[in-house]
Amino acid sequence: MTNDELSKAYEPRDVERRWYAFWEERGFFRADPTSDRPAFAIVIPPPNVTGSLHIGHAFTLTLQDVIVRWKRMQGFDTLWLPGLDHAGIATQMVVERQLSREGKRKEDLGREGFDTRVREWKEQSGGKILNQLRLMGYSLDWQRERYTMDPGFVRAVREVFVSLYEQGLIYRGQYIVNWCPRCGTALSDLEVETEPVPGQLWHIRYPGADGGEGVVVATTRPETMLGDTAVAVHPEDERYRALVGEKVVLPVLGRPIPVVADAFVDREFGTGAVKITPAHDPNDFQAAQRLGLPSIDIMDDHAVLNANAGPYAGQDRFQARKGIVEQLQREGLLVKTTPHQVPLGHCQRCHTIVEPRLSPQWYMKMAPLAEPAIAAVEDGRTRFAPAKWSKTYFEWMRNIRDWCISRQLWWGHRIPAWTCANGHTTVARQDPSACAECGNRDLAQSTDVLDTWFSSGLFPFVTLGWPEKTRELARNYPNDVMMTGFDIIFFWVARMMMLGLRFMGDVPFRTVFINGLVRDDKGEKMSKTRGNDVDPLDLIARHGTDAVRFTLTALAAAGTDPSLGEERLVGYKAFVNKLWNASRFVLMNLQGERAASYAFSELPQPSRWILSRLQAVAAEVNAALGEFRFDQAANALYHFVWDELCDWYIEIAKTYLADPAQAPVARAVLLEALETTLRLLHPILPFVTEEIWQRLPHEGPSVMVAPFPTPDPAKADAEAEREMAALMRLVTAIRTLRATYEVEPRRRIDVTLVAPGGGGAAAAQAELVRALARLERLDIVPQDADRPQTIKQPVDGMEIRIPMAGLFDIEAERARLGREREKVQAEAEGLRRRLENPQFVERAKPAVVAESREKLGALLSRLGQIAGLLDEMGAS
RNA sequence: GGGCGGUUAGCUCAGCGGUAGAGCAUCGGUCUUACACACCGAGGGCCACAGGUUCGAACCCUGUACCGCCCACCA
């Protein structure tokens, strides 16, 4: 290969598509259950079929891919199985919206027609997000792709439902549910978002049936009064004692209802008298159960008042509210109206105000399932990372309530329950032909479907083949890691824990890593509705996939919500380009020859240094990824590549490359450093690393399946690191002096280094110092007489001396020394105070005390020197 | 009403017992033959506030103030 093939700037576009196809064709993504390598499996949070890739997916999935690629390179047989969620309510909404654009409703198609329509739509659009996952470079095992409505899931869902029913953990009951009048279905508690809404508290008089004053109740929802079956007061409330047991007349409808006493009433709130509407309020429902009161449902599926609402039948709930309030006012029964903030439930999907409604639904008993799921985290079979999330998990699990699993939707897993003509219920794995109880053959299957999370909750084992006893199940369950956002800990993680323990007898995964939620550069949560979301595909089109991946990885500090600003992304794009150009440099210098062999101990110090640093970085990256500290891994690599490899070693190597005697070994070191770095970076930057790696002399078909670097102790060289650090401090100090006095960059100057100890690295690498600091002469002397008109700058016990003659601005030096003196004085003062404190000397660690003494000594001697220099200048 | 988290350089964030770091932005200087998506330098912070523990606190404890999130059936 010639360098002509490498463009000056990295061009991600064609590179990415090419390598992804290459990896996939070679089967690198595939897990092999017959492998004798250790297994590593990770559960993907299956995106909705309706969905397209948003930044939240890109964030969590990039981190997952980093882990997967890392583990694969470490030699694990890794399984990262792609899947899609049928997303019942969300998908139904999308398809209904499509229909509505065609001027149709789902009822026009009928249930079967609608079902077909959804399946068709899934076929054409379900692949969209999967292709987007490919564009991101994710190394998913595509041959094992699953879908929560595929035949295996249908069977598994049935098995789980029937089995839980048989165990008494699924039951049917009539309670108050959260009902979305727009979606026309019940919702679980988790699908309801409570938000305070400014409302009013209406005080309404219910006159006595005996013609007396009756009682004034306070309500935020006057329309529900049509379903009132009592008024309740506190049993010990003196104000109403006489009324208990009497009747009052429900306004509008004129129905007499009793005044009852129940301790749940808060005497302080409103008037202390509360209307009881058992069919439309959970509290009232419970009170009605206790007190034996009837329930009157006044609304239909879409919150339109029904025949029980008398004159308001046929009106929408809010329209009716208005009419009722006006009527009460006309009739003089509206005592007063006060503003009042009301916490109101909204449908998570369509944001319609949820109506509490009495309705027959299917429930899953949660307490018996939660108990082992709590224990499994307590005893560490599953651990949360960061650990704080276990608190959130426990909090919810310990206060868990039964889960309403039935939905009145058309899209989803049908509930395997049939009702016969005699009203008996049959729940069965196979479609029954006769009632299990009475043999009646006139059966109708429930029209309800299951909450989408019912099937998602089975994901970790059904995707491995359950209920069959497959190799995959034996090998990969429990999965090793589950990574997701905290927003679905309850929806998904908790339910996988409960169902996994129930049906597999073990936890579904060993570690749950919770990542933050991506925010914009102002810290706001990104969402379409806010209009501040960024499209990851747009970002990759403009900056390249690797830059996007690196940005997301570098942002992933444990436990924080990352803020994604475009500036940051541009910075990491530059990093990818930097890596590209460093590689170009190495490739240009390889000259097609085979890498020379070398003995590490005989390498020049800078070469030992860069290789030693490389071992440290390898150790750091491995440790960081092991703890899910993605930011640390990314930063360690960023700084190694940019600050050490590029800014120092490549510059140093230029001098070696110019010398035919040193060039071959330098090339070998450069190549080794680059090749190892590419392997370290590959999990984060898969494309650019492959593109470069393939151009290097290499073994194996792909960097993707090359071994992940581990630190080689034989190449750890503490002495070289120490010496090089000193050398870099020296060069930097000289450069700083040059910059301070505005010495032209091109101009070569003479420097004398007074080094009583011999000069160490500076002496050994004098040539390098000259090259890096752009010196004409570097004289290293053990001592030197004081010379006037000389800049003196201490560094590591040595002193840099540069003659001022014709070079330096004396005023500038005076000012600089003045500033330095202030700083040094302040620091020395602090140290002196500390050392004068006998308790510090006595109790602090000896090393800390010694260090302080040493530092103070150095500071004081520098102060003396500064004073001398200033004197000298004053004199001159 | 409960619970959790945050408050560190202009911005976005690391650090979590030995008197502060990064990226970007800012300022000055450079086309030094890999890279101007670059190079070489510089400036910038009483680590929200008040107490306490400690020889020593951004870091541990207590409280306060803002900000954010989650959970919650007071009409």
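Computed from a predicted model, the values in this text were never measured in an experiment. All values below were derived from every heavy atom in this structure, side-chain atoms included, with hydrogens, water molecules and symmetry-related copies excluded. Just so it is clear: chains get the letters A, B, ... in the order the sequence lines come, proteins before strands, and each one is counted from 1.
Across B/A75, B/A14, B/A34, the shortest atom-to-atom separation from the side chain of A/Asp631 is found for B/A14. Of the candidate nucleotides B/A34, B/U12, B/A75, B/U12 has the atom nearest to the side chain of A/Arg568. Counting only heavy atoms from C-beta on, A/His639 has its side chain closest to B/G23 among B/A34, B/G23, B/A38.
Using a 4.0 Å heavy-atom criterion, one finds that A/Tyr638 contacts the sugar-phosphate atoms exclusively. Residue A/Phe490 is classed as a sugar-phosphate contact, given heavy-atom separations below 4.0 Å to backbone atoms only. Residue-level contact check: A/Pro343 touches the backbone only, with heavy atoms under 4.0 Å from sugar-phosphate atoms and none from bases. A/Val841 comes within 4.0 angstrom of no nucleic acid atom, judged by non-hydrogen atoms across all strands.
Here A/Tyr363 pairs with A/Tyr171, A/Tyr175 under the ring-ring contact (aromatic ring centres under 6.0 Å, His included) rule; sequence neighbours left out. Remark: A/Phe687 pairs with A/Trp23 by the ring-ring contact (aromatic ring centres under 6.0 Å, His included) rule, at least two apart or across chains.
Between A/Phe269 and A/His340, the two ring planes are perpendicular [angle over 60°; tilted spans 30° to 60°].
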Quick one: which protein N/O atoms are closer than 3.5 Å to N/O atoms of nucleotides 16-21 of chain B? Pair and distance per line, please.
none

Under 3.5 Å between N/O atoms: give me all the protein pairs with nucleotides 40-44 of chain B, atom names plus distance.
{"residue": "B/C40", "atom": "O3'", "partner": "A/Arg735", "partner atom": "NH1", "Å": "3.3"}
{"residue": "B/G41", "atom": "OP1", "partner": "A/Arg735", "partner atom": "NH1", "Å": "3.0"}
{"residue": "B/G41", "atom": "O3'", "partner": "A/Thr736", "partner atom": "OG1", "Å": "3.4"}

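Donor-acceptor pairing under 3.5 Å, judged by distance alone, is absent between the side chain of A/Gln632 and the base of B/A22. Side-chain atoms of A/Lys578 come within donor-acceptor range of the base of B/C35, with a qualifying N/O pair under 3.5 Å.
Distance alone, capped at 3.5 Å, places no donor-acceptor pair between the A/Arg321 side chain and the A/Thr224 backbone.
In RNA chain B, stems built from 3 or more consecutive Watson-Crick or G-U wobble pairs, each with both distances under 3.5 Å, span B:1-7 with B:65-71, B:10-13 with B:21-24, B:26-30 with B:38-42, B:48-52 with B:60-64.
Between the side chains of A/Thr277 and A/Lys275, at least one donor-acceptor pair of N or O atoms lies under 3.5 Å.
Within the structure, salt bridge (charged side-chain N to carboxylate O under 4.0 Å, His left out) contacts touching residues 634-653 of chain A (residues at least two apart or in different chains) are A/Arg613-A/Glu644, A/Glu651-A/Lys654.
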